[in-house]
Amino acid sequence: MRLDIEALRVLDVVIEEGSFAKAAARLHKAQSAISYQIKKLEDQLDVAIFDRSSYRAELTPKGKALWVEGRRLLQQAERIEKLADHYSEGWEPHFDLVVDASLPMEPVMKAMKVLVDREIPTKIQVKVEAMRGVQKRFEQDKAHMMLVKDYHPSPHLKPVPLPEVTFVLVASCDHALATRERIDLNQLLEHVELTIHDSSEESTDRLDEHQFGGDRVFFMHGFVSKKSGLKMGLGFGWMPEFLIREELISGELVELDYEGGSRSSFTPLLVYPTDQPLGKAGELILKQILSEFATFKP
């Protein structure tokens, strides 16, 4: 049995208009054509949709139940048709973006807000990873774009520089290191270091540049929890300046006087594959993210 979608549309109009004659007028068809479509649907389903025993045809209980389900099917068919139109216009079915946890999320969220307000048909997913986990997730999910601190270059990947991000080595104002001058590495290693867990979960002996490698290291799953640990005096560690600007101004967190340097800056990158051209959503996301980062002020 093949269900006739057009017959379901005719049935929907008949019920909305209240009669075969009004439905015929709305659809610009002869009333006999409307009656034929309904009878054809009844034959296909082997169900009496209308009771014709009286002067005016009445919807049967079974017919009403079929109509309710038919409306859902019509709505789904309409969504499919709209999606097909959108895809033919160049919109991608989905777009996956991977973001390094060390980068500011505000410009990313503002860019996403613009896309949501425009009601673009592409389904967008944003995933946040840390360190080597960014590129691992990017490759594993075959994502369309990543915002990353560092990555393994490839001829098929195009990097676009974003504004510089600065990290500051800090501790709580109550921490033992807060008032020390000319702190050396050995003095740092006497205390608990707070660092970020590498979400790639790859075992490696190579230290991240923002990790000193002492015996007492607490690995946090994100900078929010790391910031909380720093503020309570649990340990010392590197933090993105944009996340602790207020705490530095208030004195709640203190920049340490470390001999090796208490500040480190890098240029993050927006990276996307070049072997497949960006669709309409990708082009819009690229443009919007670059625009938001260009005007972002932490």
Side-chain angles (χ1 to χ4, degrees), residues 83-116 118-167 195-211 221-223 238 240 242 264-296:
L83 280 176
D85 290 340
H86 288 316
Y87 297 157
S88 66
E89 293 168 359
W91 292 103
E92 307 93 308
H94 65 94
F95 190 95
D96 295 333
L97 172 66
V98 186
V99 183
D100 192 305
S102 66
L103 304 186
M105 286 299 297
E106 183 179 329
V108 177
M109 293 300 99
K110 283 185 176 180
M112 295 302 105
K113 177 67 164 54
V114 171
L115 302 178
V116 169
R118 289 189 58 170
E119 298 183 347
I120 70 170
T122 300
K123 294 181 179 179
I124 302 173
Q125 280 199 337
V126 180
K127 297 178 181 178
V128 179
E129 299 287 346
M131 301 182 185
R132 290 175 289 272
V134 180
Q135 187 160 6
K136 180 179 180 181
R137 174 64 64 185
F138 175 78
E139 295 171 349
Q140 182 175 298
D141 291 358
K142 296 182 179 178
H144 302 84
M145 189 178 292
M146 62 177 170
L147 306 185
V148 64
K149 177 174 178 267
D150 191 17
Y151 80 110
H152 298 297
S154 162
H156 301 298
L157 294 177
K158 179 177 181 179
V160 180
L162 296 171
E164 188 176 77
V165 171
T166 298
F167 269 58
T195 189
I196 297 298
H197 172 70
D198 187 338
S199 62
S200 71
E201 297 184 347
E202 295 176 355
S203 59
T204 177
D205 294 329
R206 183 171 69 89
L207 294 178
D208 179 75
E209 64 178 293
H210 289 141
Q211 184 179 336
H221 279 282
F223 284 99
W238 293 97
F242 65 85
S264 173
S265 298
F266 66 92
T267 300
L269 299 166
L270 181 154
V271 181
Y272 62 93
T274 56
D275 51 349
Q276 292 186 355
L278 293 173
K280 290 184 71 172
E283 292 287 356
L284 186 57
I285 290 170
L286 173 64
K287 178 181 177 181
Q288 200 62 42
I289 286 180
L290 293 179
S291 174
E292 295 295 343
F293 266 95
T295 57
F296 175 67

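Quick caveat: nothing in here was measured; it's all calculated off a predicted structure.
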> Out of curiosity, Met145 CE to Leu270 CG, how far, rounded to the nearest 0.5 Å?
Replying inline: 5.0 Å
> Within a strict 4.5 Å, meaning less than it, do heavy atoms of the Pro268 and Phe266 side chains meet?
Replying inline: yes
> Would you say the side chain of Met105 lies within less than 4.5 Å of the side chain of Val108, judging by non-hydrogen atoms?
Replying inline: yes
> Is the count of non-hydrogen atoms from other residues, nucleotides or ligands lying under 6.0 Å from Gln276 atom CD greater than 12?
Replying inline: no
> Taking all atoms of both residues into account, what is the closest heavy-atom pair of Thr267 and Pro161, and its distance?
Replying inline: CG2-CB, 3.9 Å
> Residues two or more places apart in sequence or in another chain: which of them pass side chain to side chain contact (heavy atoms under 4.5 Å, CB included) with Val271?
Replying inline: Met146, Val148, Tyr151, Leu157, Pro159, Leu269
> At their closest point, which heavy atom of Glu164 faces which heavy atom of Ser265, and how far apart are they?
Replying inline: CD-CB, 3.6 Å
> Which heavy atom of Ala101 sits nearest a heavy atom of Phe223, and at what distance?
Replying inline: O-CD1, 3.4 Å
> Within the side chain of Ser199, is there an N or O that forms a donor-acceptor pair under 3.5 Å with the backbone of Ala130?
Replying inline: yes
> Are side-chain heavy atoms of Val98 and Leu147 found at a separation under 4.5 Å?
Replying inline: no
>> I'd like to know if the side chain of Gln135 and the backbone of His152 have a donor-acceptor N/O pair within less than 3.5 Å.
In response: yes
>> Counting C-beta onward and ignoring hydrogens, is there a side-chain heavy-atom pair between Thr166 and Phe242 closer than 4.5 Å?
In response: no
> Would you find a donor on one side and an acceptor on the other, under 3.5 Å apart, between the side chain of Thr122 and the backbone of Glu92?
Replying inline: yes
>> Using 0.5 Å steps for rounding, measure from the NZ atom of Lys158 to the CG atom of Leu278.
In response: 9.0 Å
> Any salt bridge between Asp141 and Lys127, counting N to O under 4.0 Å?
Replying inline: yes
> Just how far is it from atom CD1 of Ile289 to atom CG of Leu162, taken to the nearest 0.5 Å?
Replying inline: 8.5 Å
> Within the side chain of Ser264, is there an N or O that forms a donor-acceptor pair under 3.5 Å with the backbone of Phe167?
Replying inline: no
> Donor-acceptor pair, His144 side chain versus Asp96 backbone, under 3.5 Å?
Replying inline: yes
>> Looking at Asp100 and Lys149, is any side-chain nitrogen of the basic one under 4.0 Å from a carboxylate oxygen of the acidic one?
In response: no
> In terms of side-chain geometry, is the basic nitrogen of Lys110 or Glu106 positioned less than 4.0 Å from the acidic oxygen of its partner?
Replying inline: yes
> Looking at Val165 and Ser102, what are the two nearest heavy atoms and their distance?
Replying inline: CG1-O, 4.2 Å
> So do Asp150 and Arg132 actually touch side chain to side chain, heavy atoms under 4.5 Å?
Replying inline: no
> Taking all atoms of both residues into account, what is the closest heavy-atom pair of Ile120 and Ala281, and its distance?
Replying inline: CD1-CB, 4.2 Å
> Atom CG in Leu97, atom CZ in Arg137: separation rounded to 0.5 Å?
Replying inline: 13.0 Å
> Side-chain contact, heavy-atom cut-off 4.5 Å: Phe296 with Pro163?
Replying inline: no
> Minimum heavy-atom separation for Gly282 to Phe95, with atom names?
Replying inline: CA-CE1, 3.4 Å
